[in-house]
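Report on the structure given below.
Just so it is clear, the values below take in all heavy atoms, side chains as well, and ignore hydrogens, waters and symmetry mates. Indexing begins at 1, ligand by ligand and atom by atom, following the structure's order.
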Amino acid sequence: MRDMTYLLEGLRCSTCRSDNTLWLDLEPGLVECRECGQGALIVADDGEDQ
Ligand SMILES: [Zn+2]
C-alpha cells in the first residue's frame, strides 16, 4: 500500500490558524490538520478564481 497523504503547502488551517499543517488524504478524500486534528471534506469551488 502506498502512502496517500500529501502536505498541502501554502494553506492555513481555518481552525487553529497554523500554516502548512493541512494534509490531503486521497483515500477517503479528506483534508486533515495535523495540528488540531480538524478534518474537512474537499469541496470543489467553482466560480471563484483564487
Ligand atoms: Zn488546525
Side-chain angles (χ1 to χ4, degrees):
M1 278 227 183
R2 281 191 198 170
D3 186 5
M4 299 286 278
T5 57
Y6 297 93
L7 175 63
L8 299 175
E9 292 184 68
L11 293 183
R12 177 181 293 174
C13 177
S14 61
T15 303
C16 67
R17 304 285 181 186
S18 297
D19 288 314
N20 299 325
T21 58
L22 294 176
W23 288 75
L24 171 63
D25 193 340
L26 290 180
E27 192 63 37
L30 290 170
V31 174
E32 185 178 78
C33 175
R34 289 282 167 91
E35 192 68 26
C36 66
Q38 178 69 34
L41 284 169
I42 299 171
V43 179
D45 206 359
D46 283 330
E48 199 172 358
D49 196 12
Q50 192 79 340

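- Evaluation of the salt bridge (charged side-chain N to carboxylate O under 4.0 Å, His left out) test over residues 27-40, restricted to residues two or more places apart or in two chains, returns none.
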Side-chain donor-acceptor contacts of residues 5-14 below 3.5 Å, not counting sequence neighbours, with atom names and distances?
unit_1	atom_1	unit_2	atom_2	d
Thr5	OG1	Asp3	OD1	2.8
Arg12	NE	Asp19	OD1	3.0

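- Protein atoms of type N/O/S that fall under 2.8 Å from the Zn ion (ligand 1) number 4 in this view.
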